[in-house]
Number of protein chains: 2
Amino acid sequence: MSQRTRLTPEQRREQLLDLGIRLFANHSLDEISIDVVAREAGISRGLLYHYFGDKMAFREAVVRRAADALVAQTAPPEAGDPVERLLASMTAYVDFVDANYEGYVSMVRGAASDPVLRAIYDEAFGALGARIFEADVDFVADTAAARLIVRGWQAMSEELVLSWKADSAGLSREELLGVLAGSLPVLLELLGPGSGSGSGSAVTRRS
Amino acid sequence: MSQRTRLTPEQRREQLLDLGIRLFANHSLDEISIDVVAREAGISRGLLYHYFGDKMAFREAVVRRAADALVAQTAPPEAGDPVERLLASMTAYVDFVDANYEGYVSMVRGAASDPVLRAIYDEAFGALGARIFEADVDFVADTAAARLIVRGWQAMSEELVLSWKADSAGLSREELLGVLAGSLPVLLELLGPGSGSGSGSAVTRRS
DNA sequence: CCATCCTATTGACACCTGTTCAATAAGCAA
DNA sequence: TTGCTTATTGAACAGGTGTCAATAGGATGG
């Protein structure tokens, strides 16, 4: 590695972030030394510090990149009724986890271990949740309790998709999506009758 | 700290595990150096290695202690119908998180960051889930899909309880328990009619 | 084609943290 | 008090993090 290759800052940064996502997906954050990242990228340790200043800052940048990709790639459609939009958004979510599994896992892993990374994670999921409901107020009343339920529902969705990827348990992708999209209305109804429109139950029917 | 105090191995081990739970609850695993643990406990670094051999082994022991406490303190009642037992078990769960918040958080944090710690976490939650349903087969058919749903429901429950502790969002403890216990039957019904008994819907009523 | 400049990149260095191990001393028994 | 067991220590080593002046790739102007 005595031959140094000079890239533009953008190229180098992209390379390092992509590498970070790949590495952080399979190993825990503190298992990966700066040496490993540098060796894998074919650069010196110093260059990593030049671009990110800090090991923590590097992890933060990697997690932020994964979070941004999640938000960008799960944009819901503008049109359609609430139920359809919810289903479309969940489909995009499942597809994202399927396609960017490594990046998603590194975001989740990071979120649990550090408050700063947790904040990035929360911001991304807050955006996901808000995006679905802010335009469709009649689907669910925007109360603190409802937001709490949505939060729990998101945690369930994440666990279900990740577990389903590991072992589908006989469920097809469509059946999984039916459970994910169908669960939110019935969960919100648990808060008490009158909080949501009755149309939500339409999703609970099986194909 | 030149004055050394000699304890029995059991006392010392207890002291260090308790301290570990307190520390790991508020800081991420790699933020806590052996020096900090040793200084906080008033002992030398070497003694920690004498008792746990390894930093990783220490973290594992701390997480295992928290997991054991969870399983022990949430034992459900022997008698009662499925719905009552589920509610009792969830009550014990909420109470545990309330009383042992630090230990619970350190278990959750650890589980996400390391496969070994994750295995301990999974084992504890697998025991929790199995305990509720293995004796009440008619409450839910024991299929792979149902187990997947239970897994997701547990993730949701965890998120709800932790978020609720941070901000109750206007929900009383009883209302939270109603959502937790009431959500499992309706979620299982999403898998398709006929999987569960209709009695589950009784829980969904509001007080 | 060559000289020059900018800056991406490096390598050596200081510091901190995990880990080992022979030496030490606290408490108990005789 | 003396001796013994072993809980406990502190110094030494290895490896990783973070710093900075020195180096060299490659584009630019002549």
Side-chain angles (χ1 to χ4, degrees), chain A residues 1-20 22-24 26-63 106 109-110 113-117, chain B residues 1-24 26-64 106 109-110 113-117:
Chain A
M1 295 294 157
S2 59
Q3 188 72 353
R4 53 171 73 173
T5 55
R6 186 192 178 104
L7 302 181
T8 69
E10 292 72 30
Q11 289 175 317
R12 188 62 83 188
R13 205 182 155 81
E14 288 295 305
Q15 174 206 7
L16 295 176
L17 288 177
D18 284 343
L19 178 61
R22 239 178 302 134
L23 292 177
F24 285 143
N26 298 326
H27 305 278
S28 96
L29 295 176
D30 51 343
E31 274 176 355
I32 294 187
S33 65
I34 295 288
D35 287 87
V36 169
V37 179
R39 197 180 313 123
E40 207 79 14
I43 61 169
S44 67
R45 284 197 304 277
L47 196 57
L48 247 160
Y49 286 95
H50 172 72
Y51 276 105
F52 299 97
D54 210 337
K55 187 184 183 184
M56 186 56 224
F58 176 60
R59 310 200 298 202
E60 185 182 329
V62 170
V63 170
S106 47
R109 296 181 85 113
S113 64
D114 187 273
V116 178
L117 305 185
Chain B
M1 297 295 157
S2 59
Q3 187 73 350
R4 52 171 76 172
T5 55
R6 186 191 178 105
L7 302 181
T8 68
E10 292 72 30
Q11 288 176 317
R12 187 62 81 188
R13 207 182 153 81
E14 288 295 305
Q15 174 205 7
L16 295 177
L17 288 177
D18 284 343
L19 177 61
I21 283 185
R22 239 177 303 134
L23 291 178
F24 285 142
N26 298 325
H27 304 279
S28 94
L29 295 175
D30 53 341
E31 274 176 355
I32 296 189
S33 64
I34 295 288
D35 286 86
V36 170
V37 180
R39 196 179 314 123
E40 207 79 15
I43 61 170
S44 66
R45 285 196 300 274
L47 196 56
L48 248 162
Y49 285 94
H50 176 256
Y51 276 105
F52 299 98
D54 211 335
K55 188 184 182 183
M56 187 56 224
F58 176 59
R59 310 199 296 203
E60 185 182 328
V62 170
V63 171
R64 194 177 295 278
S106 40
R109 296 182 84 112
S113 62
D114 186 274
V116 178
L117 305 185

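Hydrogens, waters and symmetry mates are skipped; everything else that's a heavy atom, side chains included, is used. Each chain gets a letter, A, B and so on, in the order its sequence line appears, and its residues count up from 1.
For DNA chain C, the residues of residues 8-16 of chain A within the heavy-atom distance limit of 4.0 Å (strictly under) are Pro9(A), Arg12(A), sorted by number.
As a whole-Å value, the separation of Ile43(A) CD1 from dT10(C) P is 7 Å. Distance CG (Leu47(A)) to C1' (dT10(C)): 9 Å, rounded to an integer number of Å. Between the CG atom of Leu48(A) and the C1' atom of dT10(C) there is a distance of 13 Å, given to the nearest Å.
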Are any protein N/O atoms closer than 3.5 Å to N/O atoms in nucleotides 16-20 of chain C? If there are, list each pair with its distance.
from: dG18(C); atom 1: OP1; to: Ile34(B); atom 2: N; distance (Å): 3.4
from: dG18(C); atom 1: OP1; to: Lys55(B); atom 2: NZ; distance (Å): 2.8
from: dG18(C); atom 1: OP2; to: Ile34(B); atom 2: N; distance (Å): 2.9
from: dT19(C); atom 1: OP1; to: Asp54(B); atom 2: OD1; distance (Å): 3.0
from: dT19(C); atom 1: OP2; to: Tyr49(B); atom 2: OH; distance (Å): 3.3
from: dT19(C); atom 1: OP2; to: Asp54(B); atom 2: OD1; distance (Å): 3.3
from: dT19(C); atom 1: OP2; to: Lys55(B); atom 2: N; distance (Å): 3.0

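Under a 3.5 Å cut-off, the side chain of Gln15(A) and the backbone N or O of Ala41(A) do form a donor-acceptor pair. Between the side chain of Ser28(B) and the main chain of Ser113(A), a donor-acceptor pair closer than 3.5 Å is present.
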**Request:** Give the C-alpha distance, both sets of side-chain angles, the deciding distance and a yes or no for side-chain contact (heavy atoms from CB on, under 4.5 Å) between Lys55(A) and Leu48(A).
**Result:** CA-CA 8 Å; Lys55(A) 187 184 183 184; Leu48(A) 247 160; over 6 Å; no
**Message:** Assess the residue pair Phe24(B) and Val37(B) against the criterion (side-chain contact (heavy atoms from CB on, under 4.5 Å)); give the C-alpha distance rounded to whole Å, side-chain angles, the decisive distance to 0.1 Å, and a yes or no.
**Reply:** CA-CA 10 Å; Phe24(B) 285 142; Val37(B) 180; 5.6 Å; no
**Prompt:** Could you walk me through whether Tyr49(B) and Ile34(B) pass the side-chain contact (heavy atoms from CB on, under 4.5 Å) check?
**Reply:** CA-CA 9 Å; Tyr49(B) 285 94; Ile34(B) 295 288; 3.5 Å; yes
**Request:** Any chance you could lay out the side-chain contact (heavy atoms from CB on, under 4.5 Å) test for Leu117(A) and Leu29(A), step after step, and finish with the verdict?
**Result:** CA-CA 11 Å; Leu117(A) 305 185; Leu29(A) 295 176; 3.8 Å; yes
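Of the listed nucleotides (dT24(C), dT7(C), dT6(D)), dT7(C) has the atom at the smallest distance from the side chain of Arg6(A).
For the helix from dC1(C)-dG30(D) to dA30(C)-dT1(D), the end axes, each set by the C1' atoms of five terminal pairs, are bent relative to each other by 0° (nearest 10°).
Here Tyr51(A) lies in heavy-atom contact (under 4.0 Å) with sugar-phosphate atoms only.
With respect to the salt-bridge test (charged N to carboxylate O, under 4.0 angstrom), the residues Asp30(A) and Arg59(B) qualify.
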